[in-house]
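The first residue of the sequence shown is numbered 1, and numbering continues consecutively from there.
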Amino acid sequence: MGYELTSCKKPEDSTSHGTIAIASDESLQPMVEQITQAYQHTYPETHFNVLYQPEQIAISMVLRDSVRLAFITRELTSDEQKTLKSQGIRYNPQHIATDGVALLTNRTNTDSLITIQELSSVFNGKTKTWEALKGGNQKGNITLVFDNANSSNLNYVMTKFGLTNIQGINIFSAGSNKAVIEYVRQNPRALGFIGVNWLSDGDAPLTAELSQGLRVMGVASKADATLDEYYQPFQEGLGLKRYPLSRKVYVISREMHSGLGSGLLNYIMRDVGSLIIEKCGLWPAKPFNREVILKKEI
């Protein structure tokens with residue numbers, strides 16, 4: 001009598017084991033590191049090869065099937081969606097958090113408030129010096145400092161202010177969010193733009209070290225704003241949509257089976273994932289609801 005042998009080999013990956021490559025915009029690195037490390041601690045047989053890249057490169061990697069999923073700060077364009085669909089991939093962006101672009105100045109610069117109208121004037125080339133902004137002591141040309149030409153931070157600002165190019169604007173590319181922080185700390189004329197979670201995780205020693213010597217600017221939506229109408233990019237301002245430079249964080253996945261990518265995404269959207277996002281200073285798409293039971297003692 002013959003017997004048919006069946007394979008006991010596990011699939012290449014599942015929600016609890018395997019290795020996959022994922023990409024993330026570098027501005028989201030602190031959050032992505034904490035999420036993936038927590039998941040790997042829960043499921044020791046899993047591993048994520050995380051590639052931190054400028055946002056446009058991260059998106060291209062998903063479209064080329066170089067990574068399983070990507071953490072980004074915008075939805076895909078219609079052409080990008082068509083590329084996925086042509087490969088039989090269902091486009092289903094998952095909103096996981098609200099993030100923001102933080103504005104940094106050197107501690108010696110006393111100008112800690114700016115309006116959206118003033119920022120628009122700077123990016124449209126009408127305002128070029130610190131003297132043209134109200135409330136500060138700094139003099140000289142404003143140097144706008146970003147991490148990378150293809151990053152989410154610069155792309156967001158260009159979209160926000162309707163820019164099609166940055167020619168004629170005094171912009172310096174530092175290479176990373178961490179490098180932006182260091183550049184601003186050493187250059188009083190600099191105005192830096194970074195992802196919020198690089199400054200918001202107070203438990204991380206690196207965050208405390210990086211924040212020294214800097215000011216985080218308050219931003220107002222109205223040109224004639226009063227002092228209480230300027231908001232910094234921290235959780236309350238993000239969650240209540242008061243901070244004018246807030247943005248959504250998405251996960252774009254090309255996974256079409258119940259694999260490690262799906263497991264990570266489900267983990268993010270559950271209570272534990274929400275708590276990690278909160279710890280990183282962002283506002284989770286599904287906040288963790290804490291139930292408090294009050295008992296009346298007689």
Side-chain angles (χ1 to χ4, degrees), residues 10-74 92-100 147-148 151-153 176-178 194-207 210 235 247-288:
K10 293 181 179 180
E12 290 187 3
D13 68 273
S14 70
T15 59
S16 60
H17 87 277
T19 298
I20 62 171
I22 65 177
S24 171
D25 181 76
E26 192 257 344
S27 71
L28 302 171
Q29 182 173 343
M31 178 193 70
V32 174
E33 282 186 349
Q34 292 201 32
I35 289 172
T36 53
Q37 288 172 7
Y39 192 94
Q40 290 169 165
H41 179 75
T42 303
Y43 301 102
E45 294 186 9
T46 64
H47 181 72
F48 300 97
N49 293 324
V50 188
L51 303 171
Y52 296 103
Q53 301 286 345
E55 184 171 71
Q56 193 55 49
I57 295 177
I59 291 172
S60 297
M61 295 178 78
V62 171
L63 300 182
R64 298 196 313 266
D65 197 15
S66 299
V67 296
R68 187 75 60 84
L69 52 83
F71 291 77
I72 57 177
T73 65
R74 67 169 177 86
N92 184 28
Q94 184 65 61
H95 170 215
I96 66 167
T98 299
D99 177 36
D147 49 337
N148 190 285
S151 75
S152 64
N153 297 330
S176 68
N177 281 257
K178 185 178 178 181
I194 66 168
V196 167
N197 70 153
W198 275 92
L199 288 178
S200 295
D201 184 4
D203 291 339
L206 180 62
T207 302
L210 290 176
Q235 277 180 329
R247 59 188 180 181
K248 292 182 177 180
V249 178
Y250 298 94
V251 175
I252 305 297
S253 174
R254 60 179 295 121
E255 186 168 279
M256 298 297 289
H257 67 286
S258 183
L260 186 49
S262 300
L264 180 64
L265 188 53
N266 289 334
Y267 180 82
I268 292 170
M269 299 308 294
R270 296 200 307 265
D271 293 345
V272 175
S274 295
L275 288 173
I276 294 173
I277 291 172
E278 283 187 15
K279 182 176 178 293
C280 291
L282 307 185
W283 190 265
K286 291 186 177 180
F288 174 62

Would Tyr267 and Tyr43 count as a close aromatic pair, with their ring centres under 6.0 Å?
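Ring centres of Tyr43 and Tyr267 not closer than 6.0 Å.
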Can you check whether [X] reaches [Y] side chain to side chain, under 4.5 Å on heavy atoms?
{"X": "Gln56", "Y": "Arg74", "result": "yes"}
{"X": "Leu282", "Y": "Val196", "result": "yes"}
{"X": "Arg247", "Y": "Asn153", "result": "yes"}
{"X": "Asp25", "Y": "Val32", "result": "no"}
{"X": "Thr36", "Y": "Ile22", "result": "yes"}
{"X": "Ile59", "Y": "Ile252", "result": "no"}
{"X": "Thr46", "Y": "Ile20", "result": "no"}
{"X": "Val67", "Y": "Leu51", "result": "yes"}

Between Glu26 and Ser151, a side-chain donor and acceptor under 3.5 Å:
no
Would you kindly say whether Arg68 and Asn49 are connected by a side-chain donor-acceptor distance under 3.5 Å?
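No, Asn49 and Arg68 have no side-chain donor paired with an acceptor closer than 3.5 Å.
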Rounded to the nearest 0.5 Å, what separation is found between the [atom1] atom of [X] and the [atom2] atom of [Y]?
{"X": "Ile35", "Y": "Cys280", "atom1": "CD1", "atom2": "SG", "result": "6.5 Å"}
{"X": "Ile276", "Y": "Arg270", "atom1": "CD1", "atom2": "CZ", "result": "10.5 Å"}
{"X": "Glu55", "Y": "Ser27", "atom1": "CD", "atom2": "OG", "result": "7.0 Å"}
{"X": "Thr19", "Y": "Gln40", "atom1": "OG1", "atom2": "CD", "result": "8.5 Å"}
{"X": "Ile268", "Y": "Ile277", "atom1": "CD1", "atom2": "CD1", "result": "6.5 Å"}
{"X": "Leu265", "Y": "Leu69", "atom1": "CG", "atom2": "CG", "result": "7.5 Å"}

Work out which heavy atom in His17 is nearest to a heavy atom in Glu12; give both atom names and the distance.
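Smallest heavy-atom distance, with atoms named: NE2-O, 4.1 Å.
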Heavy-atom closest pair, residues Asn177 and Trp198:
CB-NE1, 3.4 Å
Looking at [X] and [Y], would you say the former's side chain and the latter's main chain have a donor-acceptor pair under 3.5 Å?
{"X": "Gln235", "Y": "Glu278", "value": "yes"}
{"X": "Asn197", "Y": "Asp99", "value": "no"}
{"X": "Ser262", "Y": "His257", "value": "yes"}
{"X": "Ser274", "Y": "Lys286", "value": "yes"}

Val50/Phe71 under side-chain contact (heavy atoms from CB on, under 4.5 Å): CA gap, chis, key distance, verdict:
CA-CA 10 Å; Val50 188; Phe71 291 77; over 6 Å; no
Given Glu255 and Asp13, is the side-chain contact (heavy atoms from CB on, under 4.5 Å) satisfied, shown in steps?
CA-CA 11 Å; Glu255 186 168 279; Asp13 68 273; 4.1 Å; yes
Mind running side-chain contact (heavy atoms from CB on, under 4.5 Å) on Ser258 and Thr15 for me, showing each step along the way?
CA-CA 7 Å; Ser258 183; Thr15 59; 3.9 Å; yes
Show, in sequence, the C-alpha distance, side-chain angles and deciding distance for Gln94 and Ser253, and conclude whether the side chain to side chain donor-acceptor pair (under 3.5 Å) test is met.
CA-CA 9 Å; Gln94 184 65 61; Ser253 174; over 6 Å; no
Where do Met31 and Ile96 land on the side-chain contact (heavy atoms from CB on, under 4.5 Å) test, with the steps shown first?
CA-CA 11 Å; Met31 178 193 70; Ile96 66 167; 4.1 Å; yes
